[in-house]
Amino acid sequence: MSSAARSGNATAAIPSSAPVAAREHLSGPVSICIDRPLLALDRPFTYDLPEALGAGVGSLVQVPFHGRQIRAWVLGPTEDVPERMLAVRKLVSRIRSFDERSLALYRRMSERYVAPLATVIGRAVPPRVASEELERRPAHPRQGVPEGLGTSLGTPVVGDYRNGPRLLESLRAGSGAFVVRPGPADEASVAVGCVGAAIAGGRTAVVLVPDADPIPATAAAIADAFGDDAVLFLGGDRRARYRTWLDIAAGRFRVVVGTRPAVFAPLADLGLIYVHREGHAQHRDERSPSYHVRDVARMRADLEGAVSVLSAFCPSLEATVPDHVAVEPAGRPWAPVEVIKPGPEGRSPRLIRALRSASRAFLFEPVRGYGVARVCRSCGEPAACASCFGLLRLERGSIRCVVCEAPGRCASCGRIDFGVVRRGAERVEEWARGIASVPVSLVGRDDPPRAPHEREVLVGGVDALKDFGSLGLDLVGILNADASLRRPGVNARERALVTWFEAAAWARPDGRVIVQTNTSNDPAVQALVSGRPERFHRSEAPHRAEAGFPVGAPVFRVVGGPSLEHELGALAHRTLLSSVVGGATICLVALDPEQVPGFGGAIRRLAAGGVVTRVEAEPHL
Ligand SMILES: [Zn+2]
Ligand SMILES: [Zn+2]
């Protein structure tokens, strides 16, 4: 490594070890993307690129912009040359941030999510740690097919699934969109089998998991099966993440397993993007461009001729509405599901009997705490938070408002003595202790999630349901199913069903799943009983369309000035809802997919004119 290269003077030769570096050098007029995440400035600018810089597509450079020096990325040569053209001042890094292929994905995302290209690049490429670029070990890109992978663990499992052979064939040499519903015991082996098939075809694979801690059993199984060929790209500090990214770009791995940002992993010869538990909330980025990994996976697979696999015990409507091939077990691998009425505090006689004889079980209770305050014992008024009139909940021995978290104080008289109706996970733990013949524990929201021990009954809510692999429990009780179905939000019912399937997957095939509900005919409950979500999907899709937000229709939440509703109303759209909050106009807009480019162009103009201040794609509804 020469000091000249270190200072950014690119007359120095780029060592062959440099990742993403041995690429074509450009010179003359180039279009660049300035590193400013503003829609109003979201367009290419033309600069003159001196040949001596050794820069090209994806190079991070410094350019003069309105009298200041700012960072920018080189996008490529351009014929759009203005009369007066400034020169790129210097090369900031010899590492190329992206290539043409990645840029095509970023551009598509920028258009789809109406987000500045600079914002998309900022999400896709990890923050640079300059010292990591120095003195890197020479890369040894992995080539050829490793021994024995054609018959790797898991291939027989997915090969026996309906449409499994077609999936394996596409993984070796083809492309396409697949939705896989693994059997409850097969979740990890199906993923391993898919990755193995892609690698056997001489290709690479990205596997996306929703969380890093605890490491999902599926991620661990892949790391195990592929050894040095695989890398975990999850968690870690800034330096470790940048180092791993550089290693991936240098071709050191065939398999990348990671959370959201791994969807951009700079792997060549991509054969597979696999999204594990595709409906999980963590697969969506809450920051701009607020993308969902599921959609980006499909975009990228489409651009690079790879296979996308969305995997879930119960796939989301968003996964199943676009064209895809469904892959699932030929038989029914699920434990039978019994539906009964809840009984007092959720203690139905049948659940009590099952709990008494179970040695390893999980009780899913979606409501936290020990109970809710119903009435003030001092003044007799209905209980409500003195600060915000919110619901008051008893949890871990103290009463607090569920909305503002203020200590519980009566809204009418200010006193703190309430009559409490007992319900929630803490209360379930208490009564289950009196019934079970093994120890009972509660995994609360702040406890680290874990699987039940041998000889233990575990009580927990949504946060407890992580991928711990196939657990084979005697009994899974799904309590308070009606509370899950009543949650607000257009996706609430689907979320409830996905959660139930994840809980039911912990039961062994000849174990028991008991669901307590007063609405046994609800399509969500019936989907769990039948082990098939199709009928639920068919009943749910019209509700979403009726609400004005059909599945697959891009939705945007736009914030701006008083003329916003009028301006957006003039654009082609499907649904437009408007409200004024604290002086700002907020519009919810649903579009047909083909209306998005025109909408995005108009939004960028409105942003430049000050009418639009903020855009969020796919907001929570
Ligand atoms: Zn409150
Ligand atoms: Zn009172």
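Predicted model only: the values in this text are computed from it and were never measured. Just follow the structure's listing: the first ligand is 1, and inside any ligand the first atom is 1.
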Residues Glu286, Arg260: salt bridge by 4.0 Å N-O rule: no
Working for side-chain contact (heavy atoms from CB on, under 4.5 Å), residues Leu497 and Phe536: CA-CA 9 Å; Leu497 182 58; Phe536 169 76; 3.6 Å; yes
For the Zn ion (ligand 2), every protein N/O/S atom that sits closer than 2.8 Å, waters excluded: Cys376 SG, Cys379 SG, Cys410 SG, Cys413 SG
The Zn ion (ligand 1) neighbourhood, protein N/O/S only, threshold under 2.8 Å: Cys385 SG, Cys388 SG, Cys401 SG, Cys404 SG
Derivation of the side-chain contact (heavy atoms from CB on, under 4.5 Å) call for Val372 and Phe418: CA-CA 9 Å; Val372 290; Phe418 298 98; over 6 Å; no
Residue list, ring pair (Phe, Tyr, Trp, His ring centres under 6.0 Å) with Phe362, at least two apart or on another chain: Trp506
Within 6.0 angstrom of Glu405 CD, more than 12 heavy atoms from elsewhere: no
Asp417 and Arg415 ion-paired at < 4.0 Å: no
Centroid-centroid distance, Phe364 to Trp500, less than 6.0 Å: no
Which residues share a ring pair (Phe, Tyr, Trp, His ring centres under 6.0 Å) with Phe233, sequence neighbours left out: none
Aromatic centroids of Phe556 and Phe599 separated by under 6.0 Å: yes
